[in-house]
Peer 1: 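What follows is a single structure, and I will ask about it in a moment.
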Amino acid sequence: MKTLYLIGGTMGVGKTTVCRELKNQLHRSVFLDGDWCWDMNPFVVTEETKAMVLDNITALLGNFLRCSAYDHVIFSWVMHQQSIVDTILGSLDLTNVKVVSVSLVCSREALLQRLYRDVEAGIRQPDILLRSPQRLSLYDSMNTEKIDTTHATVAQAVQEILRLAQNQT
């Protein structure tokens with residue numbers, strides 16, 4: 001049985017950092033960040049580019065799931081609407097695959113603090129300070145396990161994901 005980890009959350013909540021550590025702790029694992037399928041210049045959001053990105057994501061995830069070298073496939077992306085998760089899962093052959101779906105959340109204050117640091121470091125553009133906090137409440141209605149990273153270390157968040165995976169039947 002393989003495990004597919006879907007790790008969602010708004011920009012700056014800690015998805016990439018947590019997923020990299022999760023990959024390091026899981027033998028025979030692979031990590032795909034959805035942003036890697038969306039890294040373009042100029043950044044253009046149209047129905048065509050959204051469909052292309054979802055197609056790229058599901059193609060890569062499907063290839064990873066079919067590859068005998070991996071037991072754990074980790075996917076990270078904003079995934080702020082249940083329909084995004086449903087579209088991805090509906091496009092994959094999940095035979096003998098356990099799905100662990102998690103949303104990382106945190107307080108607005110913690111999120112802004114992290115984003116300010118990223119903006120000052122030149123990692124993110126200032127518009128993120130408005131866009132990212134607006135999405136926080138969207139995760140409340142998601143059919144995912146929530147992990148609050150406000151005061152959690154990366155190791156604690158990873159341990160919670162591993163606990164959820166172990167307890168899931």
Peer 1: Using every non-hydrogen atom in the two residues, find where Pro133 and Leu112 come nearest and quote the distance to one decimal.
Peer 2: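 The answer is CG-CD2, 3.7 Å.
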Peer 1: Heavy atoms, side chains only, cut-off 4.5 Å: are Thr3 and Asp71 in contact?
Peer 2: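 No; the side chains remain at least 4.5 Å from each other.
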Peer 1: Same cluster or not: Leu104 versus Leu138, using hydrophobic residues (I, L, V, M, F, W, Y) connected whenever any side-chain heavy atoms lie under 4.5 Å apart?
Peer 2: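 No, Leu104 and Leu138 fall in different hydrophobic clusters.
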Peer 1: Ignoring hydrogens and geometry beyond distance, is a side-chain donor-acceptor pair present between Ser132 and Thr10 at under 3.5 Å?
Peer 2: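 Their side chains do contain a donor-acceptor pair, which is all the 3.5 Å distance test asks for.
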Peer 1: Short question: side chain of Thr150, backbone of Ser107 - any donor-acceptor pair under 3.5 Å?
Peer 2: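 Side chain of Thr150 to backbone of Ser107: a pair is present.
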Peer 1: Can you tell if the side chain of Val102 reaches within under 4.5 Å of the side chain of Tyr5, non-hydrogen atoms only?
Peer 2: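 Side chain of Val102 against side chain of Tyr5, heavy atoms only: no contact under 4.5 Å found.
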Peer 1: Between Leu4 and Leu89, which heavy-atom pair has the shortest distance, and what is it?
Peer 2: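 Closest heavy-atom pair between Leu4 and Leu89: CD2-CD2, 4.0 Å.
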Peer 1: Kindly give the heavy-atom pair with the smallest separation between Arg114 and Cys106, and that separation in Å.
Peer 2: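 In this case the closest contact between Arg114 and Cys106 is NH1-SG, 3.9 Å.
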Peer 1: Under 3.5 Å, sequence neighbours excluded: what are the donor-acceptor pairs made by side chains of residues 37-46?
Peer 2:
residue: Thr46; atom: OG1; partner: Glu48; partner atom: N; Å: 3.3
residue: Thr46; atom: OG1; partner: Thr49; partner atom: N; Å: 3.1
residue: Thr46; atom: OG1; partner: Thr49; partner atom: OG1; Å: 3.3

Peer 1: Which heavy atom of Cys19 sits nearest a heavy atom of Phe31, and at what distance?
Peer 2: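 Smallest interatomic distance, heavy atoms only, reads CB-CE1, 3.3 Å.
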Peer 1: Gln25 pairs by side chain to side chain donor-acceptor pair (under 3.5 Å) with which of His27, Glu21, Lys23?
Peer 2: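 It is Glu21, the one option of His27, Glu21, Lys23 that forms the side chain to side chain donor-acceptor pair (under 3.5 Å) with Gln25.
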Peer 1: Looking at CG of Leu162 and CG of Asn167, how far apart are the two atoms once the value is rounded to the nearest 0.5 Å?
Peer 2: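 It comes to 11.0 Å.
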Peer 1: Does anything in residues 54-64 form a side chain to side chain donor-acceptor pair (under 3.5 Å)? List the pairs, not counting sequence neighbours.
Peer 2: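 Every side chain to side chain donor-acceptor pair (under 3.5 Å) pair that includes a residue of residues 54-64, provided the two are not neighbours, is Asn63-Arg66.
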Peer 1: Rounded to the nearest 0.5 Å, what separation is found between the CH2 atom of Trp77 and the OG1 atom of Thr16?
Peer 2: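 Going from the CH2 atom of Trp77 to the OG1 atom of Thr16 covers 13.5 Å.
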Peer 1: So, for Asp33 and Phe75, which heavy atoms are closest and what is the spacing to 0.1 Å?
Peer 2: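 Looking at all heavy atoms of both residues, the closest pair is C-CE1, 4.4 Å.
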Peer 1: Taking the side chain as C-beta and beyond, is there a heavy-atom pair between Ile161 and Ile147 under 4.5 Å?
Peer 2: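 They are in contact (side-chain heavy atoms under 4.5 Å apart), so the answer is yes.
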Peer 1: Within the 4.5 Å heavy-atom criterion, are Leu32 and Val73 side-chain neighbours or not?
Peer 2: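 Leu32 does not reach Val73 side chain to side chain.
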Peer 1: Would you please name every residue forming a ring-ring contact (aromatic ring centres under 6.0 Å, His included) with Tyr139, sequence neighbours left out?
Peer 2: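 Scan of Tyr139 (ring-ring contact (aromatic ring centres under 6.0 Å, His included), adjacent residues dropped) gives none.
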Peer 1: May I ask you to test the Asp118-Ile128 pair for a side-chain heavy-atom distance under 4.5 Å?
Peer 2: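 The answer is no; the side chains never approach within 4.5 Å.
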Peer 1: If you measure from the Lys or Arg side-chain nitrogens to the Asp or Glu carboxylate oxygens, is any gap between Glu160 and Arg163 under 4.0 Å?
Peer 2: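 Judged by the 4.0 Å cut-off on N to carboxylate O distance, Glu160 and Arg163 do form a salt bridge.
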Peer 1: Assess the residue pair Glu120 and Arg117 against the criterion (salt bridge (Lys or Arg N to Asp or Glu O under 4.0 Å)); give the C-alpha distance rounded to whole Å, side-chain angles, the decisive distance to 0.1 Å, and a yes or no.
Peer 2: CA-CA 5 Å; Glu120 288 180 359; Arg117 277 196 309 258; over 6 Å; no
Peer 1: Return the minimal non-hydrogen interatomic distance between Asn143 and Ser101, and the atom names on each side.
Peer 2: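 Scanning both residues completely, I find the closest heavy atoms to be O-OG, 4.4 Å.
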